[in-house]
Trainee: 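Here it is, the structure, as structure tokens.
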Amino acid sequence: MTKLNIVLFGPPGAGKGTQSQFLQEKFELIHLSTGDLLRAEIKAESPLGNEAKELMDRGDLVADSIVVAMIRNKIEAHLDAKGFIFDGFPRTKAQAEALDEMLDGKDEPIVAMLSLEVPEGELVSRLLHRGSEGSRTDDKDEAIIRNRIKEYSQKTAPLKDYYSAQGKFKAVEGVGTRAEITARLVKALG
Ligand code: ADP
């Protein structure tokens, strides 16, 4: 059976984490968030975590080699998965190419890149709200939030063209209720 490998895409604050949970349950997929994996490394105070922390605290991207290796390990650890939801990965063209190489080698390509579209003003207010309630230091400071959005616009948004060229890019309106957005994502999967 073809695996349901999905890239859930969108800027910081677009709702990728929330929506991943629902898609994961509905289709019995493995959810791989590079942000969550990196935060676990920071918590464990591993050398990798210590290296990533400074960059994440500034809102800069972590090195491609680090996140690619983390994803590779997870894919190898779940060879019998029905599919993966990639959340927050890939974020650069080099990461997207590395992911294609990993999956094409197994003949299990990405089937769709679902892109949650949310206006910038809405993103900033969602993230500041999350920062006021939670523990993520990168959500507490508007300058850091703006830097993450800038990193997204410059390095990550161009991946829309990368997946468009493969006929996999699907834009999904990311403003609405949680359930409305889940329904749009499921519909986009066809
Ligand atoms: P958000 O999408 O809200 O910014 P994430 O948890 O996806 O949250 O990412 C938090 C931070 O982790 C990013 O700002 C970046 O520093 C780092 N990070 C996560 N995924 C990647 C990735 N694929 N490549 C490089 N850096 C990453």
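First listed ligand is number 1; within each ligand, the first listed atom is number 1. All residue numbers in this chain count up from 1 along the given sequence. Since the structure is predicted, the reported quantities are computational estimates derived from the model, not experimental observations.
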Trainee: Quick one: table the atom pairs, ligand 1 N or O against protein N or O, below 3.5 Å, distance rounded to 0.1 Å.
Mentor:
from, atom 1, to, atom 2, distance (Å)
ligand 1, 2 (O), K16, NZ, 3.3
ligand 1, 2 (O), R91, NH2, 3.3
ligand 1, 3 (O), R130, NH2, 3.1
ligand 1, 3 (O), R148, NH2, 3.0
ligand 1, 4 (O), R91, NH2, 3.3
ligand 1, 4 (O), R148, NE, 3.3
ligand 1, 4 (O), R148, NH2, 3.2
ligand 1, 6 (O), R39, NH1, 2.9
ligand 1, 6 (O), R39, NH2, 2.9
ligand 1, 7 (O), R91, NH1, 3.1
ligand 1, 7 (O), R91, NH2, 3.4
ligand 1, 8 (O), R136, NH2, 3.1
ligand 1, 9 (O), R91, NH2, 3.4
ligand 1, 16 (O), D60, O, 2.6
ligand 1, 20 (N), T34, OG1, 2.8
ligand 1, 20 (N), G88, O, 3.4
ligand 1, 20 (N), R91, NH1, 3.1
ligand 1, 23 (N), T34, OG1, 3.4
ligand 1, 23 (N), G88, O, 3.0
ligand 1, 23 (N), Q95, OE1, 3.0
ligand 1, 24 (N), Q95, NE2, 3.0
ligand 1, 26 (N), V62, N, 3.0

Trainee: Heavy-atom count around H129 NE2 within 6.0 Å, excluding the residue itself: above 12?
Mentor: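 12 or below, so no.
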Trainee: I'd like to know if the side chain of K16 reaches the main chain of G88, judged simply by a donor and an acceptor atom lying under 3.5 Å from each other, with no hydrogens or angles considered.
Mentor: no
Trainee: Do the side chains of V68 and E97 get nearer than 4.5 Å, heavy atoms only?
Mentor: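 Sidechains of V68 and E97: no contact.
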Trainee: Taking the basic N atoms (NZ, or NE/NH1/NH2) and the acidic carboxylate oxygens, is any pair closer than 4.0 Å for R146 and E142?
Mentor: yes
Trainee: Once side chain to side chain donor-acceptor pair (under 3.5 Å) is applied, do any residues pair with D100, and if so which ones, sequence neighbours excluded?
Mentor: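 Testing D100 for side chain to side chain donor-acceptor pair (under 3.5 Å), a comparison that skips the adjacent residues, returns Y162, Q166.
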Trainee: Spell out, as yes or no, whether a donor-acceptor pair under 3.5 Å connects the side chain of R184 to the backbone of E173.
Mentor: yes
